[in-house]
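Below, read A as the first sequence line, B as the second, and so on, with proteins coming before strands; counting in each chain starts at 1.
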Protein chains: 2
Amino acid sequence: MDVPWLDRTQLAAWVRVAALLEVLPGTLDGQLRRDADVTLFEYFVLAMLSESPTRSLRMSELAAQTSATLPRLSHVVKRMESRGLVERRPDPDDRRATTCVLTDGGLARIEQAAPGHVAAVREHVVDVLTPEQITQLTGIADALLRSLDSSGGMAAMYRRYDDGAVSGAPGAATPPVRP
Amino acid sequence: MDVPWLDRTQLAAWVRVAALLEVLPGTLDGQLRRDADVTLFEYFVLAMLSESPTRSLRMSELAAQTSATLPRLSHVVKRMESRGLVERRPDPDDRRATTCVLTDGGLARIEQAAPGHVAAVREHVVDVLTPEQITQLTGIADALLRSLDSSGGMAAMYRRYDDGAVSGAPGAATPPVRP
DNA sequence: TTCCAACAGTTGTCGCTTCAACTTCTTCGG
DNA sequence: CCGAAGAAGTTGAAGCGACAACTGTTGGAA
């Protein structure tokens with residue numbers, strides 16, 4: 001295995017990205033835990049369900065939309081169900097499948113959590129960057145995700161959260177609870 | 001709490017960043033675990049120690065350089081010590097302090113792990129982006145880190161991994177085992 | 001029809017991270 | 001000096017995520 005090393009420019013970028021990967025999740029997670037007793041990942045689950053027209057999604061669909069594995073999602077959803085945020089019900093059409101439904105309590109929870117979370121995202125990410133940098137970041141993250149997405153499960157995201165510049169097609173309107 | 005929502009451009013960027021935060025660490029971590037039986041975070045620990053002139057750092061310094069909390073580092077170092085990768089010795093000058101020393105085995109391990117890790121970083125990050133995007137990414141990550149770094153513990157990184165464009169000052173030469 | 005491969009989820013176990021408490025040591029104000 | 005405040009690490013408990021093994025179900029081919 002003979003790999004060319006990173007030059008100084010590449011190294012500078014990577015070191016910063018690595019540090020970011022280490023720090024950012026904890027910061028956002030901490031805010032949500034303290035203020036709304038919800039994990040960042042749980043927030044994503046609630047957000048995805050709340051944006052569904054039926055307030056419900058199949059487990060595998062939910063897993064794809066939250067970039068999670070099925071085992072992980074299963075554990076998380078079980079815990080969320082015990083707290084009354086979601087409900088699980090077997091799908092009568094395909095009896096292997098499970099549908100995850102957002103409860104009224106779950107909806108109330110994410111509506112309560114959203115403003116603080118949006119504020120945190122603004123404070124630590126969005127408002128720190130110039131509009132030009134936001135556009136650049138979208139392009140960069142897009143390129144990275146496409147190369148990582150071997151199983152192609154993120155097509156839904158690209159359709160829904162398109163800013164009109166990356167993929168070229170017009171996107172949907174701004175959703176309610178997704179910061 | 002009244003927070004302005006994210007517009008479509010901001011949302012597109014944030015959704016992608018969130019997905020990245022969810023996926024990228026697992027990808028890099030998995031490669032290192034499989035190929036070198038080391039965590040991504042453990043790799044950082046080894047890398048920081050290997051770049052120190054004395055092959056050693058105080059725990060708090062090491063924590064700052066790896067963006068970790070002290071409890072986390074303490075647990076990790078204990079496990080690494082039991083595997084023979086590092087050693088811990090009390091500091092005679094300040095008897096509260098502990099110095100963490102890289103062993104020969106630890107050095108061998110990171111030298112063995114480095115090529116595969118660099119390849120993974122290239123495959124999933126560096127080589128996916130254009131040189132221009134690399135520069136943009138450095139600026140973006142830099143801005144985010146500065147706003148996150150409330151305790152100011154990352155000054156060392158900025159000095160060492162400067163690409164000459166962000167802070168303006170000339171940086172050090174490319175270090176040996178840091179991808 | 002029957003069988004088998006692939007799919008959808010769940011569960012258990014293990015390792016890692018976090019949080020809060022605690023110990024020991026240093027420093028600084030009085 | 002002396003005592004209090006704070007720093008440096010460590011530890012234990014609790015919760016979350018990854019991996020592998022497992023159950024039950026579907027769809028298609030022989």
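In this structure, A:Gly26 and A:Arg72 both approach DNA chain C, and ranking their closest nucleotides by distance from the 5' end singles out A:Arg72. Between A:Phe41 and B:Met59, the one whose closest nucleotide on DNA chain D sits nearer the 5' end is B:Met59. Position along DNA chain C of the nearest nucleotide to A:Gly30 versus A:Ser60 favours A:Ser60 as the more 5'-ward residue. Of the residues near DNA chain D, A:Glu42 and B:Arg58, the one whose nearest nucleotide (by heavy atom distance) lies more toward the 5' end is B:Arg58.
In this structure, CG of B:Leu62 is placed 14 Å from P of D:dA8, rounded to the nearest angstrom. Remark: P of D:dG24 and CG of A:Leu70 are 17 Å apart, rounded to the nearest angstrom. One atom, CG of A:Asp29, and another, P of D:dC16, lie 10 Å apart when rounded to the nearest Å. Separating the CG atom of A:Leu40 from the C1' atom of D:dG17 is a distance of 14 Å, rounded to the nearest angstrom. Per the geometry, CG belonging to B:Leu73 stands 9 Å off P belonging to D:dG9, to the nearest Å. With rounding to whole Å, B:Leu21 atom CG is found 14 Å from D:dG17 atom P.
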Given side chain to side chain contact (heavy atoms under 4.5 Å, CB included), test A:Arg88 with A:Thr99 step by step and report yes or no. CA-CA 6 Å; A:Arg88 268 187 301 186; A:Thr99 305; over 6 Å; no

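A donor-acceptor pair under 3.5 Å is absent between the side-chain atoms of B:Ser67 and the main chain of A:Val23, judged by distance alone.
OP1 or OP2 of D:dC19 has not a single side-chain nitrogen or oxygen of B:Arg33 nearer than 4.0 Å.
Salt-bridge formation is detected for the pair B:Asp104/B:Arg55: a Lys NZ or Arg NE/NH1/NH2 atom is positioned less than 4.0 Å from an Asp or Glu carboxylate oxygen. With respect to A:Arg95 and A:Asp91, no salt bridge is recorded, no charged nitrogen being found less than 4.0 Å from a carboxylate O. Checked for salt-bridge contact, A:Arg89 and A:Glu87 meet the test: a charged N lies under 4.0 Å from a carboxylate O. Using a cutoff of 4.0 Å between basic side-chain nitrogens and carboxylate oxygens, B:Glu42 and B:Arg33 are not scored as salt-bridged. Residues A:Glu22 and B:Arg72 are paired through a salt bridge, judged by an N-O separation under 4.0 Å between the basic side chain and the carboxylate.
Near DNA chain D, meaning a heavy atom under 4.0 Å away, the residues from residues 75-83 of chain A are A:His75, A:Val76, A:Arg79. Contacts between residues 89-98 of chain A and DNA chain C, defined by a heavy-atom separation under 4.0 Å, are made by A:Arg96, A:Ala97, A:Thr98.
Among the atoms of the strands shown, only primed sugar atoms or phosphate atoms (P, OP1, OP2) are found under 4.0 Å from some heavy atom of A:Arg88.
Contact annotation: the side chain of A:Thr98 never approaches that of A:Arg58 to less than 4.5 Å [non-hydrogen atoms, C-beta and beyond]. Looking at A:Val86 and A:Val77, their side chains come closer than 4.5 Å, going by heavy atoms from C-beta outward.
Using the six-membered ring where Trp is involved, A:Trp14 and B:Phe44 have ring planes that are tilted, between 30° and 60° apart.
For the side chain to side chain contact (heavy atoms under 4.5 Å, CB included) with B:Leu20, the qualifying choice from A:Leu24, A:Leu144, A:Leu137, A:Ile140 is A:Leu144, the only one to do so.
A cation-pi arrangement is absent between A:Arg109 and A:Tyr43 under the rule of less than 6.0 angstrom and at most 45 degrees off the ring axis.
Reading DNA chain C from its 5' end, the first and the last nucleotide to sit under 4.0 Å from a heavy atom of chain B are C:dC16 to C:dT26.
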